[in-house]
Structure formats: structure tokens, C-alpha cells
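Notes to accompany the following structure.
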There are 2 protein chains.
Amino acid sequence: MYSLAEENYLKAIYHLEQEAKGEVSTNAIADRMATKPSSVTDMIQKLADKKLLSYKRYKGALLTPEGRKIAAGVIRKHRLWEVFLVEKLDFHWDEVHEIAEQLEHVHSEKLISRLDQFLGNPDFDPHGDPIPDKHGNIKRTEKKLLSELDKKQRGVCVGVKESSSDFLQYLDKKKITIGTKILVLGKEFFDGSMVIQVGRDQFFISKKIAENLYVQTN
Amino acid sequence: MYSLAEENYLKAIYHLEQEAKGEVSTNAIADRMATKPSSVTDMIQKLADKKLLSYKRYKGALLTPEGRKIAAGVIRKHRLWEVFLVEKLDFHWDEVHEIAEQLEHVHSEKLISRLDQFLGNPDFDPHGDPIPDKHGNIKRTEKKLLSELDKKQRGVCVGVKESSSDFLQYLDKKKITIGTKILVLGKEFFDGSMVIQVGRDQFFISKKIAENLYVQTN
DNA sequence: ACCTATTTTTCGTCTTGGCTAAAAATATTA
DNA sequence: TAATATTTTTAGCCAAGACGAAAAATAGGT
């Protein structure tokens with residue numbers, strides 16, 4: 001059984017590995033966890049002793065398969081609880097993160113498998129992020145950023161890159177959610193802005209919006 | 001926001017106050033929490049500083065209204081989560097305690113009020129214990145021990161005193177659960193044993209069983 | 001290659017919540 | 001009431017996880 005602090009470090013390192021592909025630096029971990037580099041060094045040495053990651057002084061950290069499995073387990077729990085909060089307790093998708101941060105540390109294999117079943121074995125969380133299975137494997141989809149689409153292409157919203165409250169509320173206002181179909185009506189190459197169609201509405205979106213919305217094209 | 005340790009102390013003291021009516025001794029708290037008296041002294045001094053309980057050296061502890069409110073809040077969460085586990089995730093009532101011990105420390109007012117609503121605002125947990133409302137008030141029922149009933153009296157099972165796994169499994173085997181109607185067919189004054197009727201079955205129960213089963217008579 | 005800036009680590013310290021051993025207060029019993 | 005037993009507190013210590021300051025290693029620029 002791993003401590004809350006250990007689980008949070010593993011999770012953060014897991015995410016940083018995905019984003020950066022390769023060793024994760026002490027500073028990067030400190031930034032993401034809002035802690036100090038010296039604290040990070042302490043902890044990654046401890047996690048290295050426990051064989052959850054490999055670490056050479058000054059060279060950054062890389063999760064071992066065991067460490068990765070534990071991190072994926074925490075992320076699995078986090079995302080399942082988010083589904084629960086949104087689907088069953090009618091929370092809005094921009095208010096579930098903090099609560100899931102707490103729920104993800106409840107230890108019970110049986111609880112999480114029952115929860116998974118209760119929710120209908122969902123593959124994605126309310127933000128469109130994939131939920132690892134009990135072995136830590138993730139079903140990856142071919143998703144791209146809306147900004148990568150060209151004029152007249154269609155896509156289905158499957159997630160967001162940024163998930164700040166402001167951004168999620170913007171999407172809500174525009175009636176964009178997971179599963180929403182989007183058609184690109186026009187694209188301005190000068191500033192990357194677009195005009196898109198959502199349902200019967202047509203409107204303008206900035207490059208910044210388009211670069212933070214994942215869509216699936218089929 | 002109170003720490004996990006603080007919440008657990010408050011909860012333990014709350015329960016001991018109910019059972020013993022009056023100041024709670026250092027040793028009693030240490031026993032219940034499987035910790036040492038010296039640790040208890042440290043913590044109750046800390047809680048007294050925070051005005052969550054009143055404490056005079058060598059005289060035991062008594063919760064303040066504020067401390068009692070917090071304790072009741074933790075118990076409310078514990079019991080609501082137990083209902084969730086049994087009603088929604090099909091857990092057996094003898095396996096939910098440990099999980100609820102973890103879930104009860106998740107902090108979110110909104111979560112717990114939504115959960116309450118989702119569960120249909122239950123008044124009792126799966127063991128028949130009352131669930132405090134959001135203000136910490138408990139709806140007490142006139143429950144008595146089965147052992148207090150006389151021959152030919154009827155009662156409805158509303159809870160258990162002991163909730164050991166062995167006992168709960170015994171009840172399960174005998175098809176006794178919350179809401180089960182019980183008729184006392186005979187009572188032996190020599191050893192306190194009884195013959196009771198449950199549904200179409202009639203069987204013998206020992207004094208020990210009868211003293212650990214709460215019933216409501218009406 | 002050298003000097004400087006940045007990153008990372010080490011070291012000593014802090015807080016929380018435990019513990020043991022010993023001292024102090026209270027309770028009990030002769 | 002005096003002696004003893006029990007309970008409670010105090011004091012010093014430990015581990016986890018965080019911090020800042022200073023030292024060490026690496027990276028960059030010339």
C-alpha cells in the first residue's frame with residue numbers, strides 16, 4: 001500500500017512522461033506538484049529504493065513497469081470517480097476534479113471494480129480522457145486537435161487539452177460537450193481562427209480554443 | 001478543514017460520549033483507537049486548543065457543540081457511504097465499514113448533499129444506525145434489544161449492537177436483515193435463550209444473539 | 001576550454017502524529 | 001490515613017514529508 005504522497009508523485013510523473021516522452025526532470029515534477037525541487041529529490045530517491053522508478057543523480061526519473069501500473073491505477077480511480085460524479089450525482093464536468101483528487105486515494109480493489117461495473121464500464125471520463133483498465137492499459141483513440149482540421153472537415157468532440165474552469169464554462173455556453181459534432185466552415189490562416197458549426201449555431205472561435213479541443217474524425 | 005487524525009479522534013470521542021454519558025477518559029480513547037494514552041493526551045490538548053472539546057488535566061474530555069458538529073458530520077458521511085456501497089454497489093453489509101472509514105474523510109459539502117439526495121435521503125445505514133442530518137441532528141428511534149421482548153411479542157429488526165463479521169454473517173444465514181419481522185415464540189428465563197419465528201422458519205437463538213439485535217416494537 | 005547560469009542534490013530544520021519511559025496525579029484498599 | 005495501584009501527563013525521540021540555504025553537477029555561451 002502506497003501513501004498519498006507517493007501516489008501523487010507517481011501520478012504526476014506518469015503524466016509528465018506522457019507529455020514529454022522521456023526522463024522527467026526534478027524541476028518539472030516540482031512545478032506540477034507545486035512543491036520544491038529539494039522535496040522532489042527526496043521523494044524520487046525513496047521511490048527509486050522501492051523500485052517504482054529508475055533514477056540516476058542529475059538525470060531525471062523514469063517509471064518502472066511497476067510504478068507505471070500503480071500510477072495508472074490511481075488515474076483509473078480518478079477518472080471513474082469523475083464519471084460517477086457527473087453521471088450519477090449530476091455534477092458539472094468542471095467541478096469534479098478536486099473531489100476526484102481525494103476519492104482516487106481510497107484503497108479497495110473491490111470498490112473500484114464494482115464502481116466500474118455500476119457505471120457501465122466507461123472507456124472515457126467526462127473530459128474525454130481514457131480510463132485505464134484494471135491492468136493499467138489505456139485504450140488510445142485517434143484524436144486530434146480541432147485546430148488541425150481544415151475547412152469542411154467534420155469531427156466529434158472527444159476531450160479537452162486544457163481543462164481550466166474558464167475554458168470548460170466557455171464550452172458549456174457554446175453547447176459543446178463530449179460527443180458534440182463540429183463542422184469547420186472556415187479557417188483563417190493568418191491567425192488560425194475558425195468559423196464552425198455546432199448543431200444549428202455557427203460561430204467564430206479563436207486559435208486558442210481550437211488548439212485545446214480534441215476531436216475524432218472518422 | 002480538519003486533518004484525518006483529528007476527525008478520527010472526534011468521531012471516537014463522540015461515540016464514547018454516547019455510550020458512557022459523560023467525560024471520556026484518555027484510556028478509553030486510546031483503547032478504541034488502538035493507540036497509546038500518551039498520544040491521546042497530545043491530541044486532546046490540541047483539540048482543546050482548537051475549542052473542539054473541553055479538557056481539564058486528569059479529568060477527561062467532552063466535545064464542545066462545534067466538536068460534536070464535526071464528529072456528527074464525519075459519521076453522517078460514513079453512514080451515507082455505507083448506504084451507497086450496499087444499495088448501489090451491492091456490497092454486503094459486513095464488508096462496508098473499512099471502505100467507509102476512508103470515504104468519510106473526503107471533504108466536499110456538495111458531494112455529500114448530492115450523495116444524500118442520490119440515495120433518497122436515507123435515515124438509517126445498513127446496520128440500522130441513524131444518519132445525522134446536515135446539522136448533525138440524529139433522528140433517534142425507540143429501539144430495544146430483542147432480549148428485552150417477552151413471549152408472543154413482535155418486533156422489527158432495526159439494527160445490531162455488535163457488528164462483527166461473524167455476527168452479521170450469522171444473521172444473513174438466518175435471513176435476518178433490517179426490516180425483518182421477528183416473533184418471540186418462547187423465552188427461557190434460565191439462560192435467556194429464545195425460540196423465534198422469522199418468516200416461516202422457527203429456530204432457537206442464544207441470549208448472546210438476542211442481546212445484540214435491536215428491534216422496534218409498535 | 002573556461003566562465004557563468006541553471007538545475008539538482010545535500011544538509012539541517014520544521015510540523016504532524018505517533019512511541020517509550022518516567023514522573024505526577026488520582027483512586028483504591030488495607 | 002497511609003500505602004499501593006492505576007491512570008494520566010510530561011519529556012524526549014522517531015518517521016514522513018515538506019522547506020530553505022548552500023554545495024555540487026551539468027549546460028550554455030564565448
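All chains are named by letter (A, B, ...) in the order of the sequence lines, taking the proteins before the strands, and each is independently numbered beginning at 1. Every value quoted in this text rests on a predicted model; they were computed, and no experiment measured them.
With DNA chain D read from its 5' end, the first of the two nearest nucleotides for A/Glu6 and A/Lys59 is the one closest to A/Glu6.
Between A/Tyr9 and D/dA18, a side-chain N or O to OP1/OP2 separation shorter than 4.0 Å is present. Contact between the side-chain N/O atoms of B/Tyr55 and the OP1/OP2 oxygens of D/dT9 is found at a separation under 4.0 Å. At C/dG18, none of the side-chain N or O atoms of B/Ser39 fall inside 4.0 Å of OP1 or OP2 (strictly under the cut-off).
Note: CD1 (B/Ile29) to C1' (D/dT7) measures 13 Å, nearest angstrom. At whole-Å resolution of the value, NZ in B/Lys50 and P in C/dT15 are 14 Å apart. Taking atom CD1 of A/Ile44 as the reference point, atom P of C/dT7 lies 15 Å away to the nearest angstrom. Spacing between atom CD of A/Glu23 and atom P of D/dT26 amounts to 14 Å, rounded to whole angstrom units. A/Asn27 places its CG atom 12 Å from the P atom of C/dT6, with the value rounded to the nearest Å. Distance, A/Asp42 CG to C/dT10 C1': 9 Å, rounded to whole Å. Rounded to a whole Å, the CE atom of A/Met43 is 15 Å from the P atom of C/dT9. Distance B/Tyr58 OH to D/dA5 P: 19 Å, rounded to the nearest Å.
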query = So A/His105 and A/Asn8, side chain to side chain donor-acceptor pair (under 3.5 Å) or not? Walk me through it.
reply = CA-CA 9 Å; A/His105 299 291; A/Asn8 280 334; 3.0 Å; yes
Derivation and outcome, salt bridge (Lys or Arg N to Asp or Glu O under 4.0 Å), residues A/Lys207 and A/Glu188 = CA-CA 9 Å; A/Lys207 186 184 185 187; A/Glu188 193 57 65; over 6 Å; no
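With respect to B/Leu63, the side chain to side chain contact (heavy atoms under 4.5 Å, CB included) criterion is satisfied by exactly one of B/Leu47, B/Val24, B/Leu10: B/Leu10.
Residue A/Thr26 is in sugar-phosphate contact alone, with no base atom involved, counting any heavy-atom pair closer than 4.0 Å across all strands shown.
Using bins of under 30°, 30° to 60° and over 60° for the plane-to-plane angle, the ring pair A/Phe84/B/Phe118 lands in the perpendicular bin.
For B/Thr35 and C/dG18, a side-chain-to-base donor-acceptor distance below 3.5 Å is absent, hydrogens and geometry of angles not being considered. Judged by atom type and distance alone, B/Ser38 reaches the base of C/dT20 through a side-chain donor-acceptor pair under 3.5 Å.
You'll find that the side chain of A/Lys36 is closest to D/dG20, out of C/dG18, C/dA24, D/dG20. The side chain of B/Arg57 sits closest to D/dT10 out of C/dG18, C/dT10, D/dT10. The A/Gln45 side chain lies nearest to C/dT10 when the options are C/dT10, D/dT26, D/dT10.
With A/Ser108 contributing its side chain and B/Ile99 its backbone, the two residues share no donor-acceptor pair below 3.5 Å.
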